[in-house]
Amino acid sequence: MDAFNLLETPSVWSNWLAFWSFEDINVLWVLMGSILLGMSASVIGGFAFLRKRSLVGDALAHAALPGVMMAFLLFQSRDPLVMFLGAVTSSFIGFYLIDWLPKNTKIKADAALAITLSFFFALGLMLLSYIQGLEVDNKSGLDKILFGQAAAMTQKDIKLLGYVALFVLSCVVLFFQKFRLIAFSATYARTIGIAVNRYELLLALLIVMSVVVGLQLVGVVLMAAVLLTPVAAARFWSNQLSHILIIAAALGALSAIISTQISYLAPAMPTGPWMVVSLSALFFLSLLFAPEKGLLKRYTEHNKLRKRVAEENVLRTLYKLLERKDFQHKTFNIADIQALRSMPLEHLQATLKQLCKKALITSSTAGFEMTTTGFGLAEQLTRRHRLWENYLTEHAELTPQQVHQHAERIEHILTPSQELQLQAELTNSQSDPHGNLIPNANSASQGDSK
Amino acid sequence: MNRSNSNTYTSPLSVQHLSMRYHHKPVLTDVSFEIPEGKTIAIVGPNGAGKSTLLKGIMGLEPSIEGLVSFFGESLDKKRQATAYVPQREEIDWDFPINVLDVVLMGRHGHLKLWQRPSQLDIDIAEQALKDLKMWEFKERQISQLSGGQQQRVFLARALAQQATLYLMDEPFAGVDVATEQAIIELFKDLKSQGKTIVCVHHDLNTVGEYFDWIIFINARLIAAGPVVEVLTKENLNKTYGGRLSLLNDLTEQMYRSQLNKAHDTD
């Protein structure tokens, strides 16, 4: 076992060092190319995502496959420009078919997408297997565009990729305002005289171009994920489109670095799947840990709210108990509280502990008693609860039985200004529909005197 | 037809023989009217009468079968800057990542070149529009966090930022709170005092006489158009809300299906 490790570990390690010291200048080229692709695909994919055309990128990537094969068959060459033009042509034919079918037939958009995607992909695979049966030069490696292979890219490939990526990025920077306007509402854009069709064509062209140059790196099958996953992840981090696109570009670049590296360390590994897997990992990290919209944040917020509500409920129960004893007897035990408030014992004990910690109640052998601050808070909550009950009976004409449940919830969210507004709109703010007195707003001192 | 002559009065909006359909179903048949300048005009009719479709047909957002629409005597493309359209609120994805000021700034894009970004002047205009609609304090707010009435006011501010002379609005009063309704009425008064014209799809018969100077009654066809005092009559209301003329409807549909309008030589 040890011997195995000794043999294996240094080789990966030294490979990794070799990668990052850029001994092979080609490595640097490929890395730069994949970073640029990651950025441009994520940014242009962002607009497809916002326009709810997420799957179009997928269809376009698949539609490029027969174009690449046809170009190879016709010109017997692997020149990047020839391949690129072949792919762009067939991708655009696919794009028009997707657009034309729903407009002129009864076929809906999703079906048109699926039909086009699978037809072009099948056609591409047929041509690919036909080519592999032929006796021609440099046909090997054509199948790499299915899943992408960064290590197989030549400098010529990378140069083309770089130009296209820079073109896409600069178009987005230049036309950002217009693209956003159209993504927000194409109808409105039309009414103010924007040439929406022209911009939509430009957007389509940019998507097709990004998809096509990405094929060698990511592959036909998984290209869509590179367009969409970064922006979907970035959506968790910001609410401002420019920030979202920058974050998406950064995520795209990061995943490009990871996957290119792996493609060099383990040459049998295709780049595309690694890129998509690392992007998906980044997506899940965003989903869980994003500062405002992440699931973890939402979970902790919800938990905090639950705790606060439980604490406030116990305080209100203590207030009611106090009220029943005419504010004479002040100490109550758990049984007293449970008689008025049904709450699992464990939960109640934990809540009481928390209240003690916050110095809202004190605990003694006789039971629990509210401190002055605790009493003030309980009074305020009770006041809000009863004011709301009055409001519902006076203005919404609900019966006293109906209003209690509702007020149980509203009492936790009423703000001081809403409380004042409530009081102003009520004719009776002295007693609640059940006949209980409503405590005064500034009666914290009253509590002291009793 | 000496419309281009600057001495003669040209209506801000004139619609002639406008017909529209949805697939083969006729939605509007042969609607013609001309509106006066500097008035508030309501388009009134029952559900499905084609009110929104009429507005969309006027703005060229949906294709019409026949008809001519002219803005100040010219085609829409020549008068884009003078015309502002306010779509229905529901037509937008309110989760779109954008804030209020940026939406209002969209109203300035008709004035901008291809790659231009809004200038300080554009920003000033947009900010003034927000102030006019009492939305100033919300200018940095995400649009997803607005109430229905506030959303409507953002749309109106955007139209205001266009600095048009003719405003076409699709149900601005639908589902808004009292504060917004007040703000819209204020806006109407303001625009009217500047001699601007407002055309609104409106569904509330109780307020139509109060908020508007003019009414266009439609129900798949034009029923009546004119000043409130003249056309807001029981007879017109009965005609508008009394159901469609089924024979007209059926035969028009049949005509569209058979493509008779193409087979029949123009008379």
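Letters A, B, ... are given to chains in the order of the sequence lines, protein chains preceding strands, and every chain is numbered from 1. Hydrogens, waters and symmetry mates are skipped; everything else that's a heavy atom, side chains included, is used. Note that the coordinates shown come from a computational prediction; the quantities given were computed from them, not determined experimentally.
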Q | B/Lys78 atom NZ: more than 12 heavy-atom contacts under 6.0 Å | A | no

Q: May I ask you to check whether over 12 heavy atoms, not counting those of A/His302, lie within 6.0 Å of atom NE2?
A: no

Q. Does B/Tyr85 have A/Arg190 sitting over its ring (NZ/CZ under 6.0 Å from centre, angle to axis within 45°)?
A. no

(Q) Need one label for B/Gln116: side chain, backbone, both or neither, based on atoms under 4.5 Å from any heavy atom in chain A. (A) backbone

**Q.** Side chain, backbone, both or neither of A/Ala183 within contact of chain B (heavy atoms, under 4.5 Å)
**A.** both

Q | Contacting moiety of B/Leu112, where chain A heavy atoms sit under 4.5 Å | A | both

Q | Rounded distance [0.5 Å steps], CG in A/Leu50 versus CG in B/Asp93 | A | 8.5 Å

Q | B/Glu90 atom CD, over 12 foreign heavy atoms within 6.0 Å | A | yes

Q.
What I'd like to find out is whether the side chain of B/Met106 reaches to under 4.5 Å of the side chain of A/Ile192, using heavy atoms alone.
A. no

Q) chain B heavy atoms under 4.5 Å from A/Ile244: which part of the residue, side chain, backbone, both or neither? A) side chain

Q. Is any side-chain heavy atom of B/Ile98 less than 4.5 Å from a side-chain heavy atom of A/Leu241?
A. no

Q: Measure across B/Asp95 and A/Arg235 and return the closest heavy-atom pair with its distance rounded to 0.1 Å.
A: O-NH2, 2.6 Å

Q.
Just verifying a value: how many Å separate A/Phe176 CZ and B/Arg117 CZ, rounded to the nearest 0.5 Å?
A. 7.5 Å

Q) Taking atom CZ of A/Arg308 as the centre, does the number of heavy atoms from other residues, nucleotides or ligands within less than 6.0 Å exceed 12? A) yes

(Q) As an exercise, state the distance from OG1 of A/Thr187 to CE of B/Met59, rounded to the nearest 0.5 Å. (A) 11.0 Å

Q) At a heavy-atom separation under 4.5 Å, does B/Ile92 approach chain A through its side chain, its backbone, both, or neither? A) side chain

Q: Considering only heavy atoms, give the residues of residues 124-153 of chain B separated from chain A by less than 4.5 Å, sorted numerically, with 'none' for an empty result.
A: B/Gln142, B/Ile143

(Q) Are there over 12 heavy-atom neighbours, none belonging to B/Gln194, within less than 6.0 Å of that residue's CD? (A) yes

Q | From B/Leu105 atom CG to A/Arg180 atom CZ, the distance as rounded to the nearest 0.5 Å | A | 8.0 Å

Q.
Looking at every non-hydrogen atom in both residues, tell me the closest pair between B/Pro87 and A/Tyr188 and how far apart they are.
A. CD-CD1, 4.4 Å

Q. How long is the span from the NE2 atom in B/His109 to the CD atom in A/Gln177, to the nearest 0.5 Å?
A. 4.0 Å

Q | Qualifying side chain to side chain donor-acceptor pair (under 3.5 Å) pairs, either residue in residues 165-176 of chain B, two or more places apart | A | B/Ser52-B/Asp170, B/Gln88-B/Asp170, B/Glu171-B/His203

Q.
Heavy-atom cut-off 4.5 Å, strictly under: side chain, backbone, both or neither for A/Ile194 against chain B?
A. side chain

Q | Contact class of B/Val103 relative to chain A, heavy atoms under 4.5 angstrom | A | side chain

